[in-house]
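Here the structure comes first, spelled out in structure tokens, and everything after it is commentary.
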Amino acid sequence: MSADENEVTLKKITAHCKEYGFVFGSSEIYDGLSAAYDYGPNGALLKNNIKEYWWKAMVQMNENIVGLDSSIFMHPKTWKASGHVDAFNDPLIDNKDSKKRYRADVLVEDHIAKIESKISKEVEKATKRFGDSFDEIQFRSTHPRIIGYIEQIRSIQARMMSAVEKGDLEAFKQLIVDLEIVDPVSGSKNWTDVRQFNLMFSTELGSVAEGANTIYLRPETAQGIFVNFSNVQKSSRMKPPFGIAQIGKAFRNEIIARQFIFRMREFEQMEMQFFVKPGEEMKWYEYWKNQRMKWHNSLGLGTDKYRFHDHLNLAHYANAACDIEFDFPMGFKELEGIHSRTDFDLSAHEALSGKKLRYFDPQENESYVPYVVETSIGLDRMFLALLSAAYQEEQLEDGSERIVLKLPPALAPSKVAVLPLINKDGLPEKAQEIFQDLKLDFSAQFDAKDAIGRRYRRQDAIGTPFCITIDHQTIEDHMVTIRERDSMKQERIQITEISNTLEKSVNIKTLLKFN
Ligand code: ATP
């Protein structure tokens, strides 16, 4: 897809989300608040289903993982120990002509992406020219222009890493100047210096007169897990390797918040910290990379939609880290992070609090600070990933068009819609009877308005996997028509068979079996 088409797709998804009650801009009646969003009736259902899938895959399916729900406000020393007060900064640069602000690292990465797309174009051209006999690996390693591009990328990455590691903002600026990066808005190279900007929101605890304390809105849920390490370990009688899972809000004062719900200032994370014996962390890091990819693939969105991206530039606390990237409408971007965080957090909290955060191993007769492997996924980004893959405009055989959300049935906001063919002759009453029964087990809708075709379209647009239609014949033979969303195939089945048929494809079990 071209950049323009990508933009159109994201715009279409945004508009679709609004029209069908998935996502609204926050406080729209006051013209909205940038990068804040509200989830509507269908959005709230979908979000809850994603959470359920993640939570069950973590906590229910693993005897050695337990859950936690810690508070958003935490003692301010937490963020000193974690490094967020001193090091949770983004390098920013302003363009003096457009007055737009950018993350310096993102500008450089976008520049690298442009070079990468030149490589892809060369490969594409050669594939066309050489046809079946084309050897891509050999072509990439021998073609002089491609070798040159790869060298360029390596040298840029090395300069950026060195600037980040040394905190050398002047070197960062020089890199942007040397690469002749232009502002995508104004097209100018008139840049300010690069500055650091802390991403935490702060507020005051208590009234100012009583001597206010600055506290922060948590920028990640992980620290709530670390400070509760001993509470959870002792109360649940866990021993490493074991994990603590948590879903909750996080807040970051992102400078460039854009691309719909991809980057927000208030968002939700699903994080699991896995505590292991020091020295075993790489084994578990590989294990969790693999497990998390299986979790994604079980959704059936297509394995080609995901890829791993290893971090070159490791955070101060990590000894290995990668992202699972997803093919969003704007290209492959980070969806989830998997990090080997060493004992950085627990040791830092021990040092600042003076409280021991260790595990006593009775077999070895020694205590140690566990190492941590973390998996961290943004719930809102997962929501966008699902919608990006599910949203489809289809041309039908009769020449009409439909928009359908091909969501995994187990995650769809409603599993079934019950539709009386016409709104009289006892059909609505019979349909109500069926509906009242189904809603005990399934998130279900009842819709008697408009022609049946329009009602099918409405359900397709919100991703309802099954529609049940009640017609005159139903009253006599106790059979209904069941229509499947993706194939649009219709079948007559007994009323007593409906639950079983639905259960086979909408039960969350169908997804959890990867474990
Ligand atoms: P990015 O590089 O995109 O800023 P990050 O590397 O800072 O992300 P982490 O700190 O690893 O992100 O957070 C874990 C996950 O939380 C991310 O993979 C992402 O899914 C989600 N996330 C982070 N920041 C945001 C945000 N501003 N809006 C929505 N989701 C976010």
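Any value given below was found using the heavy atoms of this structure, including those in side chains, with hydrogens, waters and symmetry copies removed. No experiment lies behind these values; they were computed from the predicted model shown. Numbering of ligands and ligand atoms starts at 1, following listing order.
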Heavy-atom nearest neighbour in the protein, as seen from [atom], with distance rounded to 0.1 Å:
{"atom": "atom 19 (C) of ligand 1", "answer": "Arg381 NH1, 3.5 Å"}
{"atom": "atom 4 (O) of ligand 1", "answer": "Arg263 NH1, 2.8 Å"}
{"atom": "atom 28 (N) of ligand 1", "answer": "Met264 N, 2.9 Å"}
{"atom": "atom 16 (O) of ligand 1", "answer": "Gln269 NE2, 3.4 Å"}
{"atom": "atom 21 (C) of ligand 1", "answer": "Gly378 CA, 3.6 Å"}

Honestly, for Asp323 the part within reach of ligand 1 (heavy atoms, under 4.0 Å) is neither
Met382 and ligand 1 - part of the residue with a heavy-atom distance under 4.0 Å: neither
Sidechain N-carboxylate O distance under 4.0 Å for [X], [Y]:
{"X": "Glu52", "Y": "Lys509", "answer": "no"}
{"X": "Lys47", "Y": "Glu268", "answer": "yes"}
{"X": "Lys114", "Y": "Asp110", "answer": "no"}

Ring center gap for Phe275 and Phe229 short of 6.0 angstrom: yes
Check ligand 1 against [X] and write out every atom of the ligand that is under 4.0 Å from a heavy-atom position of the residue.
{"X": "Glu336", "answer": "18 (O)"}
{"X": "Phe262", "answer": "28 (N), 29 (C), 30 (N)"}
{"X": "Glu254", "answer": "24 (N), 26 (C), 27 (N)"}
{"X": "Ser376", "answer": "13 (O), 14 (C), 15 (C), 18 (O)"}
{"X": "Arg252", "answer": "5 (P), 7 (O), 9 (P), 10 (O), 12 (O), 13 (O), 23 (C), 24 (N)"}

Contacts of type side-chain hydrogen bond (donor to acceptor under 3.5 Å, both in side chains), residue Arg140, not counting sequence neighbours: Glu136
Qualifying residues under side-chain hydrogen bond (donor to acceptor under 3.5 Å, both in side chains), relative to Glu286, sequence neighbours excluded: none
Can you find a non-hydrogen atom of [X] under 4.0 Å from ligand 1?
{"X": "Arg103", "value": "yes"}
{"X": "Glu268", "value": "no"}
{"X": "Asp380", "value": "no"}

May I have the step-by-step check of side-chain hydrogen bond (donor to acceptor under 3.5 Å, both in side chains) for Asn319 and Ser340, ending in yes or no? CA-CA 6 Å; Asn319 67 357; Ser340 171; 2.5 Å; yes
Charged tip of Lys294 within 45° of Phe514 ring normal and under 6.0 Å: no
Just checking, Arg292 and Trp295: is the charged tip under 6.0 Å from the six-membered ring centre and within 45° of the axis? yes
Does either side chain, that of Arg358 or that of Ser230, offer a donor lying less than 3.5 Å from an acceptor on the other one? no
Counting heavy atoms only, name the option from Glu271, Glu334, Met270 that's nearest to atom 8 (O) of ligand 1. Glu334
Which residue from Phe251, Phe383, Phe267, Phe326 reaches closest to atom 22 (N) of ligand 1 through any of its heavy atoms? Phe267
Polar contact flag for Leu335 and ligand 1 (N/O pairs, less than 3.5 Å): yes
Determine the minimum heavy-atom distance between Arg103 and Glu254, stating which atoms define it. NH1-OE1, 4.3 Å
